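Notes for the one structure printed next.
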There are 2 protein chains.
Amino acid sequence: MEHNLKEFFDKALKEVSLDCAVFGFHEGELKVLLLRWKGTDGWSLPGGHILLDESANDAANRILTQRTGLSDVYLQQFYTFGNVNRYVYHPEKELLEKLETTFGKGFFDGIIFRRVVSIGYYALVEFAQVQPTPDWFTDECRWWSLADVPHLLFDHNEMIERALKALRRHARNHPIGYNLLPEKFTMPELQRLYETILDRSFDRRNFQKLLMSYDILERLDEKRIGAANKSPYLYRFVKEKYDKAVEEGISFSM
Amino acid sequence: MEHNLKEFFDKALKEVSLDCAVFGFHEGELKVLLLRWKGTDGWSLPGGHILLDESANDAANRILTQRTGLSDVYLQQFYTFGNVNRYVYHPEKELLEKLETTFGKGFFDGIIFRRVVSIGYYALVEFAQVQPTPDWFTDECRWWSLADVPHLLFDHNEMIERALKALRRHARNHPIGYNLLPEKFTMPELQRLYETILDRSFDRRNFQKLLMSYDILERLDEKRIGAANKSPYLYRFVKEKYDKAVEEGISFSM
DNA sequence: TTTTCTTTGTGTAAAATTTACGCATTGAAT
DNA sequence: ATTCAATGCGTAAATTTTACACAAAGAAAA
């Protein structure tokens, strides 16, 4: 296994990596995809290195496809982390020992635990479509509710914080939802998404009025049945209009 | 001179660099600081490499201090450029030949013209305070009006575009001016700055009302004299309140 | 010295946007 | 059939944004 890694690194940039906060929406909560490093209980964001003949954005797409099974994921670069000790620092000595047990002593020296600048991306994905898949360094990949995210390796907690801020800023200036919701959804579901991301509540009547005023949604003749209340209509985004609104920006003024 | 460069590179990251769009405001126009490469008429943004024991932000500050003579420059990271050919590509073959004449054939191979990811920063500075200073590769450093910026080396035109977009976004969500104007300024001068950055005009009465509503400006008892018209009052930012407003954000709603 | 010209200082009304809020209806569960 | 919780729809009030005009100051010109 050491062989493959070396071979990969020969074709990749060593001083730059990228990490990605993958956000999904499930049961009214924002979730983020995390990886548990082999033989340890240390968690991190998915990430990886950029190949020599590959742009940073392509690398992010490649890595995201590997971790989720999805192609053409919605990706947004949000910040580049360039502190000196961001990658070298790891608070749990115990954890490093476990990693050394798994990978062999000194294995990471000069590969992982060196000075690396990391480009931060966030991704928005449809929760149900994701097939969480661990990578070479990890043996578990799964969703975490944002509120439950543990203390992560490296500077990845800070990364999530910044990614969230960037996502919130984005949601205030662009329509959001196409990448996070299934094709058909109800207005209350969309509202819940907005409330979760922006961390506040909205009047449902005003919310509906505002969202419909953007002219990006189409109400279908179907309703969601099953709950003990009036069945809500289903909606879907009109892709062309949605894309246009993403492009031009809208100000979510609630 | 080759010696110094090699010595420097031994202490620096080679696959990452940073470039900086330095903006100043003078005679009602936005200016950007550019460097002319030795022996050529090719211009680029100021930039440089990150030392091994230095964070990206510290490196940006160091480089900016070297180019402007200012310390503690207002700096904002806005995007990281990770395309494969962004640094290798240079449209003017002629230019490369001139560089080779100046620096020696093959001098740049493996130093400059290689795969490098560059972190983009923009800086806001007080025009009159800047002492434009060329670096090791260049023999001229001067201000350019944004409208006159020529075709630049590498992907630096795109960098300026993106920096401007980021600056505009910033100006719509935060107060601006403290870093671009002298300590004391008139309301029309501040308005001109906003109009230049946001590329539109404002009603001067509404502008004054809005800016004063932010409670970040103090009107002084002095006036600017000399022009053939009613002397306008001088204002200055109240630093603590300005900083608070930058921190919390305001929406410039005109 | 007077007049002219340009630019500044100030306030109010209209328009548009945002917020607040009530009642009838639906559909599952009791 | 009744109850209960959530949805669909519309209007009035509050706030924010926009539009707009006239008097005053100061240098320059007459």
Side-chain angles (χ1 to χ4, degrees), chain A residues 27-28 171-175 177 181-182 184-196 198-236 245 248-254, chain B residues 27-28 171-175 177 181-182 184-196 198-236 245 248-254:
Chain A
E27 293 178 343
R172 275 192 296 270
N173 298 297
H174 304 268
L181 294 173
K184 300 174 181 180
F185 50 88
T186 67
M187 193 58 75
E189 283 163 1
L190 181 59
Q191 180 173 345
R192 223 103 59 204
L193 174 64
Y194 267 86
E195 291 181 332
T196 303
L198 297 178
D199 195 28
R200 49 163 300 200
S201 63
F202 303 106
D203 179 275
R204 86 199 145 77
R205 290 151 293 189
N206 294 336
F207 181 85
Q208 161 134 358
K209 249 183 298 181
L210 186 62
L211 267 287
M212 291 311 284
S213 80
Y214 297 148
D215 188 31
I216 55 176
L217 284 168
E218 174 184 24
R219 186 168 91 176
L220 308 175
D221 285 332
E222 304 170 63
K223 299 187 170 195
R224 166 139 314 155
I225 53 172
N229 52 38
K230 184 170 177 177
S231 319
Y233 282 105
L234 289 172
Y235 293 79
R236 77 171 151 219
E248 296 174 358
I250 54 179
S251 86
F252 184 80
S253 52
M254 255 191 303
Chain B
E27 293 177 344
R172 274 192 296 271
N173 297 299
H174 305 267
L181 293 173
K184 300 174 181 180
F185 50 88
T186 66
M187 194 57 75
E189 285 164 0
L190 181 60
Q191 180 173 345
R192 223 103 58 204
L193 173 65
Y194 267 87
E195 291 181 333
T196 304
L198 297 179
D199 194 28
R200 48 162 300 200
S201 63
F202 303 107
D203 178 276
R204 87 198 143 77
R205 290 152 293 190
N206 294 335
F207 181 84
Q208 161 134 358
K209 249 183 299 179
L210 186 62
L211 266 287
M212 291 311 283
S213 79
Y214 296 149
D215 189 31
I216 55 176
L217 284 168
E218 175 185 22
R219 186 167 92 175
L220 307 175
D221 286 332
E222 303 170 63
K223 298 186 172 195
R224 166 140 310 156
I225 54 172
N229 53 39
K230 184 168 176 175
S231 318
Y233 283 104
L234 289 173
Y235 292 79
R236 78 171 151 222
E248 296 173 357
I250 56 179
S251 85
F252 183 80
S253 51
M254 253 191 302

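Quick note on labels: first sequence line is chain A, next is B, and so on, each numbered from 1. All values reported here derive from a predicted model rather than from experimental measurement. All values below were derived from every heavy atom in this structure, side-chain atoms included, with hydrogens, water molecules and symmetry-related copies excluded.
Protein atom CG of Leu210(B) is 18 Å distant from nucleotide atom P of dT15(D), rounded to whole Å. Taking atom CZ on Arg200(B) and atom P on dT17(D), their separation rounds to 12 Å, with Å as the unit. In this structure, Asn206(B) places its CG atom 10 Å from P of dT17(D), rounding to the nearest Å. As a whole-Å value, the separation of Tyr233(B) OH from dA25(D) C1' is 11 Å. Lys209(A) places its NZ atom 10 Å from the P atom of dG10(D), with the value rounded to the nearest Å.
Relative ring orientation between Phe185(B) and Tyr235(B) is described as parallel, the plane-to-plane angle staying below 30° on a 0-90° scale split at 30° and 60°.
The existence of a salt bridge linking Arg200(B) and Glu195(B) is excluded, since no basic side-chain nitrogen approaches an acidic carboxylate oxygen closer than 4.0 Å.
Under the 4.5 Å side-chain criterion, counting only non-hydrogen atoms from C-beta, Asn206(A) is not in contact with Phe202(A). Taking the side chain as every heavy atom from C-beta outward, Asn173(A) and Ile250(A) never approach each other to under 4.5 Å.
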Stepwise side-chain contact (heavy atoms from CB on, under 4.5 Å) check, Arg236(B) with Leu217(B):
CA-CA 6 Å; Arg236(B) 78 171 151 222; Leu217(B) 284 168; over 6 Å; no
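Using a 4.0 Å heavy-atom distance criterion, Met254(B) is classed as a sugar-phosphate-only contact. Across all strands shown, Arg224(B) has no heavy atoms under 4.0 Å from either base or sugar-phosphate atoms. Counting any heavy atom pair closer than 4.0 Å across all strands shown, Thr186(B) reaches no nucleic acid atom.
For the pair Gln208(B) and Ala227(A), nearest-nucleotide mapping onto DNA chain C gives the more 5' position to Gln208(B). Position along DNA chain D of the nearest nucleotide to Ser251(B) versus Arg204(B) favours Ser251(B) as the more 5'-ward residue. Between Asp203(B) and Lys223(B), the residue whose closest nucleotide on DNA chain D is further toward the 5' end is Asp203(B).
Geometrically, Arg172(A) does not engage Phe252(A) in a cation-pi contact, judged by NZ or CZ lying under 6.0 Å from the ring centre and within 45° of the ring axis.
First and last contacting nucleotides of DNA chain C toward chain B (any atom under 4.0 angstrom from a heavy atom, 5' to 3' order): dT6(C) to dT12(C).
Comparing dT18(D), dT17(D), dC9(D) by their closest approach to the side chain of Arg205(A) singles out dC9(D).
A distance-only check finds no donor-acceptor pair linking the side chain of Gln208(A) to the backbone of Arg205(A) [under 3.5 Å].
Regarding contacts with the backbone of dA25(D), every side-chain N or O of Ser231(B) stays at 4.0 angstrom or more from both OP1 and OP2.
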